Amino acid sequence: MSTPPPSTSERRKQFPFDAFEPKWQAAWEKANAFHTPNPGDADFDASKPKYFVLDMFPYPSGQGLHVGHPEGYTATDIIGRYKRMTGHNVLHPMGWDAFGLPAEQYAIKTGTHPRATTEANIANFKKQLNSLGFAYDWAREVNTTDPGYFKWTQWIFLQLYNSYVNDEGKARPIAELEAQGLSHEEIDARRLAYVSSAPVNWCPELGTVLANEEVVDGKSEVGGFPVERRPMRQWMLRITAFAQRLIDELDGLDWPESIKLLQRNWIGRSEGAEVKFKVAGLEETITVFTTRPDTLFGATYMVLAPEHRLVDELVSEEQIAAVELYREKTARKSDLERTELAKEKSGVFTGAYAINPVNEEKIPIWIADYVLMGYGTGAIMAVPAHDERDFEFAKMFHLPINQVVQPPEGHDWQGYTDAGTAVNSGFLDGLPTPEAKAKITAWLEEKGLGKGTINFKLRDWLFSRQRYWGEPFPIVWEDGQHRCIPESELPLLPPDLADFKPTGTPEPPLSKATDWVRYSETATRELNTMPQWAGSCWYYLRYCDAQNSERFVSEAAERYWMGGGKPGGVDLYVGGTEHAVLHLLYARFWHKVLFDLGFVSTPEPFQRLVNQGLIMGEDGQKMSKSRGNVVNPDDVVSEYGADSLRLYEMFMGPLEQVKPWSMKGVEGVYRFLGRVWRLVLETNQEGEWTLSPQLKDVPAEKKVNKVLHETIKKCGEDIEKLSFNTAISQMMICTNAFTQAEVRPVRAIATFLTVLSPFAPHIAEELQAVIRQHFPEVAQPGFIADQTWPSYDPAALIEDEIEIVVQVNGKLRDRITVARDAPKDEVEKLALASERAQEFMEGKTPKKVIVVPGKLVNIVV
RNA sequence: GCCGAUGUGGCGAAAUGGUAAACGCAGCGGACUUAAAAUCCGCCGGGUGGCGACACCCUUGCCGGUUCGAGUCCGGCCAUCGGCACCA
């Protein structure tokens, strides 16, 4: 008969983490151990430097934490605890990005108010986070759905609404324009928050519009529902006015180059020129944008976006029917169809002709859906010889293809899109592409036919949603005009609704709250709400002064926590790559507006950014409920303890890397912590933990002392580099050295525990308390979390004798032991004398001998 | 298609241009135990030779280069993952 192996929980625990972890968590809470004072507080120490370490705050979902959350959170907790120990004032807060669709959809299904769902989820998240021993100052907790918070989100919206961008590209109060006597319409057209009725991404299933960024392959990013284009009146934020600064000011930030590149590509700056083409027989001109003005002589036709406003005017009698049909067809197409089915180009001739300004040639004007209304001018000059898309289109519709660029040797000119030399281009002939560009641009400007221009892919940010569970806009409408409500009416709370269902039309759910909607006899409230991104655009600022009811953050707190002389205020920001463009771009945009208006002191929010890698399931696949490979942190904590979970998350591999979970790996670090525990305690006959008799207050032997000081040094350096996995390896080496020593030097072990404490704070506190009890003269008073990071003794690292590698022709042949300070020629002599080396020198005389002090000797024969 | 990241034992990984595989997992052997678990000690990339300790050769995705010396630097390819994708 065989019995199943006992599960870990039935097995005797290697150390009683289930008792001491909650004990220390309670003790920290009771002592308010991680309270972070602000400038002006009685217990604030202005002499210390600040360190602001931030996690991307979570959306408190009903599922609770998954093991991906504690990865970044543990990393920042280690850094935060380490910085405290090295004499910094540390701001390490946590909060909730709690507006959003899931709570609203749950409300639709069950009738539970999103506020109730959100509160319950937050309570659960908070309990889970606390069970992991994170050193947060909960007095600074931030919740985007709290009226005390979104009052200021609405307030920032008012700043955007009441600002414009001046000629220097800086946000300025709209009052300046009023002072210049601009009309209401002119002013509205320049606000950073403005109303537009351009086509938007409407998702019928979700009952809301979505930002371009929230649409993936023509489907909603959330839920994967179809999205269609339709014109609607929407709030937009003028992020495009900051496009250049959002590119340029990346330079001063310590971000991964790949993330900077992602943002630059998203913003998509391109330099080129606008060229005006006359329409034959009409008093109209069409302006095109091109990055290759040097190929103007090769423009053999022109294409307008089907939605272009001039199409109606220039279409010929015979072509009206075909053009109308084509326009209807594209209007019905979603973006998905428009791009996915791009294998085959399509288009229709308008019957009209344009005049190429450079050679007066008549070229046909087509419409085609490969030209997008939203980019450039919505019209292009087609140079099929040197543009892939135009080339394909021209072949399909048998349009002329004229060479105007001579490629370098070995390239076919047809479809050649890189730089070369201008040919068949009149006065440009013989010029290399860059010079030809410059010359034609100057020529166009001189003749008034065009000008050099810069275009961006970035579009303005669609900022309104037809949802209930979001910040209402502090805006009212009267006589078809919008105006903001006074600051004194903030926060504007959402109405209490019992019915959350979408109306089935683009009318937002807030329209159902008729009393709320009525602002006055003649004015009604804006019915849209803000997108989820709004709250996360500035939460890091609120952490600096979370309770302030007078201001979104006090000047003193902002200047202290966000200051420091670098462009970015937050010293370290850790989160997933999924926010590499959207959240980080939006937050940077808001921050720059607040900076221009004088509300914050730095031009950038986040100085150093680190993206933690995804944690995969044990099967190497992405964790998902359907695959059944999800690991619940609660289970890990109950089986192995919080310290084991923290340590394993950091030991798996480099923080930035994608890596698979392994329960065996958790067991490995759990065993390591067991070894640490048994350095101090052992079990007696009754199974109780008693002090290890090997523990003595004696100096550590030289070898052990060396390992200890190496560990202090390496762990400090590795924490700064966020290289936690190698720091943990070193602590394992150190523990192994202690374990193997005859006696356990208690002072050295106490020092080791302080090094371990940022990683595994509970066991470190517990063992320090045990040591203090038995060796009161050894241990420091108070929490280990409040202790000073030990300094290492460089002298302890030095060995009297070192091993030197002897190579012959780069191959390892022998090792010799020499005195640490042996002179170079002495080492060389010893190496040459090596029997093994001589064997491989085969009696030849060395051509060259390379001596690397302390490392090796290479004999070249 | 374009851009980026990554490629090292059975697995997670480590290595300022200087002893490849530290540390951990798995596996194997030993001690303790009536026995097992746990713990402690040792071995643990591949090949060839030797009873053996040991010795030699090969090995960081592939091919080439720079160098006394390359996982690391340079050039060219391949594979996997991620992002963008008619942006003129």
Side-chain angles (χ1 to χ4, degrees), chain A residues 3 5-6 10-14 217 256-262 264-266 268-270 272 288-292 295 303 338-343 345 368-372 374-383 387-390 392-393 417 455-459 577-578 580-581 613-614 620 648 651-654 656-669 671-672 674-675 678 682-683 723 725-733 735-736 739-740 803-815 836 840 846-850 852 854-861:
Chain A
T3 48
E10 293 162 39
R11 226 154 55 201
R12 193 175 196 296
K13 292 184 170 63
Q14 294 213 7
D217 291 336
E257 273 312 312
S258 57
I259 299 296
K260 289 188 184 181
L261 198 68
L262 229 51
R264 287 194 192 101
N265 290 344
W266 188 267
R269 179 195 149 103
S270 57
V288 303
F289 173 73
T290 177
T291 54
R292 293 296 300 270
T295 62
V303 186
R338 227 168 130 157
T339 56
E340 197 94 323
L341 308 173
K343 311 267 182 283
K345 290 266 182 295
D369 64 2
Y370 83 90
V371 173
L372 308 172
Y375 183 75
T377 61
I380 61 154
M381 63 178 212
V383 184
D387 181 280
E388 260 177 66
R389 297 148 301 185
D390 300 344
E392 233 179 275
F393 192 82
T417 58
N455 249 304
F456 296 95
K457 279 203 297 197
L458 185 70
R459 311 292 161 81
T577 344
E578 65 271 23
V581 266
L614 211 61
Y648 176 65
F651 187 62
M652 292 172 83
E656 285 104 321
Q657 201 165 293
V658 179
K659 43 211 176 270
W661 186 267
S662 155
M663 272 308 176
K664 287 287 186 192
V666 182
E667 236 167 284
V669 294
R671 281 204 284 260
F672 158 64
R675 284 162 78 90
R678 291 190 301 274
E682 62 172 32
T683 28
S723 189
N725 54 331
T726 51
I728 294 166
S729 296
Q730 183 61 39
M731 289 190 283
M732 287 173 169
I733 292 169
T735 302
N736 292 346
T739 301
Q740 281 161 5
E803 195 185 67
I804 294 279
V805 165
V806 181
Q807 295 182 339
V808 178
N809 288 334
K811 284 198 170 159
L812 172 70
R813 294 306 178 189
D814 200 7
R815 295 154 208 271
R836 299 253 316 119
F840 283 90
K847 261 198 278 187
K848 198 172 169 186
V849 180
I850 290 125
V852 182
K855 282 277 182 194
L856 58 72
V857 179
N858 190 9
I859 303 163
V860 187
V861 295

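Numbered from 1 within each chain, the chains take letters A, B, ... in sequence-line order. Fair warning: this is a prediction, and the values are worked out from it, not measured in the lab.
- As the counterpart of B/G75, B/C63 is assigned, both hydrogen-bonding distances of the Watson-Crick or G-U wobble pattern falling under 3.5 Å.
- Among the protein residues, A/Phe393 comes within range of no part of the nucleic acid, since none of its heavy atoms lies under 4.0 Å from any strand.
- Distance A/Glu392 CD to B/A85 C1': 14 Å, rounded to the nearest Å.
- Distance check on atom C1': B/A5 versus B/U48 gives 40 Å, rounded to whole Å.
- Counting atom types as modelled, A/Lys664 pairs no side-chain N or O with a base atom of B/C11 as donor and acceptor under 3.5 Å.
- A glycosidic torsion no more than 90° from 0 defines the syn conformation; B/G64 lies beyond that range and is anti.
- When heavy atoms are screened at a 4.0 angstrom cut-off, A/Ser662 is found touching no nucleic acid atom at all.
- A/Leu856 comes within 4.0 angstrom of a nucleotide base, judged by non-hydrogen atoms across all strands.
- Atom CG in A/Leu262 sits about 11 Å away from atom P in B/A5, given to the nearest Å.
- Across all strands, A/Gly665 comes closer than 4.0 Å to no nucleic acid atom at all (heavy-atom distances).
- The phosphate of B/A13 (OP1 or OP2) has a side-chain N or O of A/Gln657 nearer than 4.0 angstrom.
- Shown here, B/U39 forms a base pair with B/A31; the pair counts as Watson-Crick or G-U wobble because both key distances fall under 3.5 Å.
- Contacts of A/Gln730 with the nucleic acid, taken as non-hydrogen atoms under 4.0 Å apart, are absent.
- Phosphate proximity of B/C23 to A/Arg671: absent, as no side-chain N or O sits under 4.0 Å from OP1 or OP2.
- Checked by atom type, the side-chain pair A/Arg675/A/Gln14 shows no donor-acceptor distance below 3.5 Å.
- Phosphate contact (OP1/OP2 of B/G4, side-chain N/O of A/Arg264, threshold under 4.0 Å): absent.
- For the C1' atoms, the distance from B/C11 to B/U16 is 29 Å, rounded to whole Å.
- Look at B/G1: its Watson-Crick or wobble partner, with both distances under 3.5 angstrom, is B/C84.
- Using a 4.0 Å heavy-atom distance criterion, A/Ile733 is classed as a sugar-phosphate-only contact.
- Interatomic distance, A/Met381 CE to A/Asp387 CG, rounded to the nearest 0.5 Å: 9.5 Å.
- With rounding to whole Å, A/Ile850 atom CD1 is found 18 Å from B/G17 atom P.
- Side-chain nitrogen and oxygen atoms of A/Asn725 include at least one within less than 4.0 Å of the OP1 or OP2 phosphate oxygen of B/A14.
- Using a 4.0 Å heavy-atom cutoff across all strands shown, A/Pro256 reaches no nucleic acid atom at all.
- A/Glu578 CD: more than 12 foreign heavy atoms inside a 6.0 Å radius.
- Backbone-only engagement by A/Arg813 is indicated by non-hydrogen atom pairs under 4.0 Å involving sugar-phosphate atoms exclusively.
- A/Leu614 has its CG atom 14 Å from the C1' atom of B/G83, to the nearest Å.
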